[in-house]
K.L.:
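Below is the structure I would like to discuss, written out as structure tokens.
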Amino acid sequence: MNLLEVKNLKKSFGDLQVLKDISMTVGEGEVVSILGPSGSGKSTFLRCISMLETIDGGEMSYCGSKAVKEENGKPVYVSKQELKEIKHSFGLVFQNFNLFPHYTVLRNITEAPIHVLKRSSAEVMAEAKVLLQKMGLADKGDYYPYQLSGGQQQRVAIARALAMKPRILFFDEPTSALDPELTAEILKVLKDLAQEKMTMLIVTHEIDFARSVSSHVVFMDGGLIVEEGKPEDVIDNPSNERTRTFLRKLEQ
């Protein structure tokens, strides 16, 4: 089953067309990595599919439910109530963590499942502690974000996203704010999630990671998908000159 289907997505800011015509599907259990130079539209794409931006054209479906359909050439979003339900199917992890600074680690993780999903606080607390253990942060529940390293904050952010039990997780450059040692910590967490068959869509510059973990790699440039396919094809044997140039620059 496809957990995400995007057809002919378009997005402009003023006269600047950032996404020109993007179509993509992500199947259950897949890990899709999106590569591309700065300004290629990767983060805007992620903001559109996580509904932080409204789209100017195209259609989007999540877990078989239509969120945006095109009518008379214009995108029409479903009702607020339907969107609310659909938003529970995905989670988003930002590059700069976005934790609540005045909440403890445990409260950061439990706040939404208790107040948004209206779940039992005892149950949510128990699950949060299991998630913290899984992230190697079992002893950090009472800490505040400022007391943690960047890598630890990012692991809390991943635990917070997982606490909502999403069907699919979106990551926007999850390691770009971290130094190499902390980057390795986060990539290990993502590899573990991939092994557990968590469906993920990851915008990343980490080529070795994308090669080893992805079931599908997408190369974006200039608001378009230039090339996509298996990692061994797109990364190791790209057919498009723009992809080759980008990968050569990264290797320098």
Side-chain angles (χ1 to χ4, degrees), residues 2-27 30-78 83 86-87 89-95 168-174 176 199-207 210-211 214-231 233-250:
N2 286 329
L3 298 192
L4 174 69
E5 288 185 38
V6 177
K7 281 185 193 157
N8 311 116
L9 193 149
K10 298 175 185 70
K11 176 67 184 172
S12 299
F13 295 103
D15 295 336
L16 179 67
Q17 199 176 8
V18 180
L19 299 173
K20 292 172 182 165
D21 188 357
I22 303 282
S23 295
M24 188 184 295
T25 58
V26 181
E30 280 192 320
V31 178
V32 177
S33 290
I34 303 182
L35 311 174
S38 296
S40 58
K42 309 183 301 293
S43 289
T44 299
F45 175 68
L46 219 50
R47 288 179 67 80
C48 287
I49 61 173
S50 53
M51 304 200 208
L52 294 172
E53 298 282 355
T54 51
I55 64 174
D56 300 324
E59 300 194 320
M60 300 194 297
S61 299
Y62 301 78
C63 306
S65 298
K66 204 55 121 190
V68 186
K69 47 187 181 287
E70 212 155 33
E71 289 176 9
N72 305 322
K74 289 215 169 12
V76 178
Y77 283 78
V78 295
L83 280 181
I86 286 170
K87 283 178 183 175
S89 65
F90 62 81
L92 175 61
V93 178
F94 300 89
Q95 50 186 300
I168 180 170
L169 270 183
F170 303 142
F171 291 87
D172 186 12
E173 301 268 13
S176 68
T199 309
M200 295 186 280
L201 181 67
I202 306 168
V203 170
T204 183
H205 276 113
E206 301 290 336
I207 297 298
R211 184 193 281 114
S214 314
S215 35
H216 195 76
V217 171
V218 173
F219 174 69
M220 279 179 68
D221 195 10
L224 291 164
I225 291 177
V226 174
E227 188 166 354
E228 61 179 315
K230 290 191 168 75
D233 297 330
V234 177
I235 295 172
D236 298 328
N237 196 13
S239 58
N240 190 288
E241 185 49 44
R242 276 151 86 180
T243 317
R244 286 199 286 271
T245 305
F246 170 74
L247 291 168
R248 268 202 303 274
K249 277 186 185 152
L250 278 191

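Quick caveat, the model's predicted, so the values are computed rather than measured.
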K.L.:
Return yes if some donor-acceptor pair links the side-chain N/O of Ser12 with the main-chain N/O of Gly14 below 3.5 Å, else return no.
P.N.:
no
K.L.:
Just checking, is any N or O donor in the side chain of Gln95 or Ser176 under 3.5 Å from an acceptor N or O on the other one?
P.N.:
yes
K.L.:
Once ring-ring contact (aromatic ring centres under 6.0 Å, His included) is applied, do any residues pair with Phe246, and if so which ones, sequence neighbours excluded?
P.N.:
Phe219
K.L.:
Is there a donor-acceptor contact under 3.5 Å linking the side chains of Thr243 and Glu227?
P.N.:
yes
K.L.:
Go through it in stages, so that I can follow the logic: the residues are Leu83 and Tyr77, the test is side-chain contact (heavy atoms from CB on, under 4.5 Å), and I'd like the CA-CA distance, side-chain angles, deciding distance and then a yes or no.
P.N.:
CA-CA 8 Å; Leu83 280 181; Tyr77 283 78; 4.0 Å; yes
K.L.:
Using modelled atom types only, decide if a donor and an acceptor are shared between the side chain of Arg242 and the backbone of Val226 within a distance under 3.5 Å.
P.N.:
no
K.L.:
Using a 4.5 Å cut-off on heavy atoms from C-beta on, say whether the side chain of Leu19 contacts that of Lys10.
P.N.:
no
K.L.:
Table please: side-chain donor-acceptor pairs of residues 44-55 below 3.5 Å, with sequence neighbours left out.
P.N.:
from: Arg47; atom 1: NE; to: Glu53; atom 2: OE2; distance (Å): 3.3
from: Ser50; atom 1: OG; to: Leu46; atom 2: O; distance (Å): 2.6

K.L.:
Between atom CE of Met24 and atom CG of Leu9, what is the distance when rounded to the nearest 0.5 Å?
P.N.:
9.5 Å
K.L.:
Which value, rounded to the nearest 0.5 Å, describes the distance between Lys42 atom NZ and Thr204 atom OG1?
P.N.:
9.5 Å
K.L.:
Could you check whether any side-chain heavy atom of Leu201 comes within less than 4.5 Å of a side-chain heavy atom of Leu169, counting everything from C-beta outward?
P.N.:
no
K.L.:
Could you check Thr25 against Val6 for side-chain contact (heavy atoms from CB on, under 4.5 Å), going step by step and ending with a plain yes or no?
P.N.:
CA-CA 6 Å; Thr25 58; Val6 177; over 6 Å; no
K.L.:
Of all the heavy-atom pairs spanning Gly229 and Val234, show the shortest one and how long it is.
P.N.:
N-CG2, 3.3 Å
K.L.:
Determine, stepwise, if the pair Ile235 / Leu35 fulfils side-chain contact (heavy atoms from CB on, under 4.5 Å).
P.N.:
CA-CA 10 Å; Ile235 295 172; Leu35 311 174; 4.2 Å; yes
K.L.:
Can you name the closest pair of heavy atoms from Pro75 and Val68 and give their distance?
P.N.:
CB-CG1, 3.6 Å
K.L.:
If I take atom OG from residue Ser33 and atom CD1 from residue Ile202, how far apart are they, to the nearest 0.5 angstrom?
P.N.:
5.0 Å
K.L.:
Do side-chain atoms of Ser40 reach the backbone of Pro37 as a donor and acceptor pair under 3.5 angstrom?
P.N.:
yes
K.L.:
For Lys7, look at atom NZ and say whether over 12 heavy atoms of other residues, nucleotides or ligands are found less than 6.0 Å away.
P.N.:
no
K.L.:
Could you check Val32, Ile34, Val218 and say which one makes a side chain to side chain contact (heavy atoms under 4.5 Å, CB included) with Val203?
P.N.:
Ile34
K.L.:
Is there a donor-acceptor pair closer than 3.5 Å between any side-chain N or O of Lys74 and the backbone N or O of Gly57?
P.N.:
no
K.L.:
Which heavy atom of Asn2 sits nearest to which heavy atom of Gly27, and what is that distance?
P.N.:
OD1-CA, 3.6 Å
K.L.:
Kindly indicate, with the supporting measurements, whether the criterion side-chain contact (heavy atoms from CB on, under 4.5 Å) is fulfilled by Lys66 and Glu59.
P.N.:
CA-CA 8 Å; Lys66 204 55 121 190; Glu59 300 194 320; 3.2 Å; yes
K.L.:
If you measure from CD on Glu5 to SG on Cys63, what distance do you get to the nearest 0.5 Å?
P.N.:
10.5 Å
K.L.:
Measure the CG-CG distance between Asp21 and Asn8 for me, rounded to the nearest 0.5 Å.
P.N.:
4.5 Å
K.L.:
For Asp172 and Phe94, indicate whether the former's side chain and the latter's backbone hold a donor-acceptor pair under 3.5 Å.
P.N.:
no
K.L.:
Evaluate Glu206 against Arg211 for salt bridge (Lys or Arg N to Asp or Glu O under 4.0 Å), listing each step before the verdict.
P.N.:
CA-CA 9 Å; Glu206 301 290 336; Arg211 184 193 281 114; over 6 Å; no
K.L.:
Let me confirm one number: the CG-CG distance from Leu247 to Asn237, rounded to the nearest 0.5 Å.
P.N.:
11.0 Å
K.L.:
Under 6.0 Å from the ring centre and within 45 degrees of the ring axis: does the NZ or CZ of Lys11 meet both conditions for the six-membered ring of Phe13?
P.N.:
yes
K.L.:
Would you check if there is a donor-acceptor pair between the side chains of His216 and Glu228 at a distance under 3.5 Å?
P.N.:
yes
K.L.:
Under the 3.5 angstrom rule, does the side chain of Ser214 hit a backbone N or O of Pro231 as a donor-acceptor pair?
P.N.:
no
K.L.:
Looking at Lys69 and Glu71, what are the two nearest heavy atoms and their distance?
P.N.:
CE-OE2, 3.5 Å
